[in-house]
Amino acid sequence: MWLMKSEPGSYSIDDLARDGRTHWEGVRNYQARNLMRDQMQAGDAVLFYHSNAQPPGVAGLARISQAAQPDPTAQDPNHAYYDPKAIPQNPWLMVELGFVAKFPCLVSLRELKDHPGLTGLMVIQRGARLSVQPVAPEHFRLIEQLGLGD
DNA sequence: GCCAACGTTGGC
DNA sequence: GCCAACGTTGGC
């Protein structure tokens with residue numbers, strides 16, 4: 001189970017709801033890429049997190065609809081995500097993300113930090129910049145309940 | 001291989 | 001807008 005960050009100004013949970021599914025292009029961090037390559041599987045559940053938002057927090061649920069495959073934008077000189085140093089033998093990767101649900105009420109970063117049941121959750125650690133993060137199943141279930149208002 | 005400089009992320 | 005944290009780059 002995962003948490004994936006997006007700035008709602010560039011791609012929000014509403015955009016994903018509209019599109020149904022989307023290629024998660026532009027990941028240019030090796031740790032994040034290796035997680036996608038080595039551990040992420042089609043069908044995995046995802047918390048969709050809004051970063052650089054007011055307030056930041058988990059905005060909804062998604063699912064990995066397609067496992068990691070090479071990210072063509074890294075090879076495209078006309079694309080904003082172009083990486084001139086990218087080599088085909090060691091490509092950047094992308095997954096496909098499918099919409100599951102938008103939370104009726106966003107679970108803010110403040111709530112995540114204050115909740116006693118979420119100790120150790122990566123996104124609430126200082127300086128946790130990784131855009132793709134593993135989430136423990138019990139943390140996932142808890143955040144899901146908070147977001148769905150159960 | 002070290003490490004200072006620099007760029008990016010992202011909360012506040 | 002500020003700035004701490006972190007990753008990357010490049011000189012040596």
Side-chain angles (χ1 to χ4, degrees), chain A residues 1-19 22-40 44-64 67-97 99-136 138-149:
Chain A
M1 300 186 163
W2 305 95
L3 179 146
M4 295 174 77
K5 296 180 185 174
S6 183
E7 302 195 13
S10 45
Y11 199 85
S12 72
I13 189 73
D14 291 319
D15 293 321
L16 185 60
R18 177 198 62 212
D19 297 339
T22 191
H23 287 298
W24 207 247
E25 312 164 324
V27 174
R28 298 292 180 265
N29 172 283
Y30 287 109
Q31 207 179 340
R33 183 201 64 178
N34 295 346
L35 283 172
M36 294 197 296
R37 183 188 62 198
D38 301 333
Q39 294 183 241
M40 216 176 237
D44 284 356
V46 176
L47 298 170
F48 194 102
Y49 181 88
H50 281 174
S51 62
N52 264 323
Q54 289 183 8
V58 179
L61 300 172
R63 185 176 309 284
I64 303 300
Q69 56 182 312
D71 178 350
T73 66
Q75 311 285 344
D76 178 0
N78 297 316
H79 201 284
Y81 294 150
Y82 177 57
D83 177 8
K85 299 187 302 304
I87 51 171
Q89 292 76 21
N90 190 22
W92 291 115
L93 301 175
M94 64 180 185
V95 294
E96 188 187 70
L97 211 58
F99 176 74
V100 174
K102 178 182 179 178
F103 283 161
C105 38
L106 175 132
V107 184
S108 70
L109 179 61
R110 182 74 262 162
E111 288 175 78
L112 297 175
K113 286 179 172 174
D114 288 344
H115 200 291
L118 294 174
T119 308
L121 180 69
M122 189 181 287
V123 76
I124 63 179
Q125 309 306 313
R126 237 174 124 71
R129 300 191 311 173
L130 200 57
S131 63
V132 176
Q133 305 182 357
V135 177
E138 61 270 27
H139 288 164
F140 193 101
R141 280 195 294 273
L142 192 47
I143 295 165
E144 186 176 26
Q145 286 172 5
L146 293 171
L148 295 175

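Order of the sequence lines fixes the chain letters, A, B, ..., with proteins taken first and strands second; residue numbering starts at 1 for each chain. For the numbers below, each heavy atom of this structure counts, side chains included, while hydrogens, waters and symmetry mates do not. All of these numbers come straight from a predicted model, not from anything done at the bench.
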Donor-acceptor pairs are to be reported for all side-chain atoms of residues 118-129 of chain A against protein atoms at under 3.5 Å, with residues two or more places apart or in another chain.
unit_1	atom_1	unit_2	atom_2	d
A/T119	OG1	A/P116	O	3.4
A/Q125	NE2	A/L121	O	2.9

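- With a heavy-atom cut-off of 4.0 Å to chain A, the contacted part of DNA chain B has its first and last nucleotide at B/dG7 to B/dC12.
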Would you list the atom pairs, donor with acceptor, under 3.5 Å between side chains in residues 45-58 of chain A and any protein atom, with sequence neighbours excluded?
unit_1	atom_1	unit_2	atom_2	d
A/H50	NE2	A/I13	N	3.1
A/N52	ND2	A/E7	OE2	3.0

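- Atom CZ of residue A/R18 and atom OH of residue A/Y11 lie 6.0 Å apart, to the nearest 0.5 angstrom.
- Near DNA chain B, meaning a heavy atom under 4.0 Å away, the residues from residues 105-115 of chain A are A/L109, A/K113.
- Under the ring-ring contact (aromatic ring centres under 6.0 Å, His included) criterion, A/Y82 pairs with no residue at all, not counting sequence neighbours.
- Here the closest heavy-atom approach between residue A/F140 and residue A/L61 is recorded as CZ-CD2, 4.0 Å.
- Annotation: side-chain hydrogen bond (donor to acceptor under 3.5 Å, both in side chains) contacts of A/D76 (sequence neighbours excluded): none.
- Between A/L146 and A/H115, the closest heavy-atom pair is CD1-CD2, 3.9 Å.
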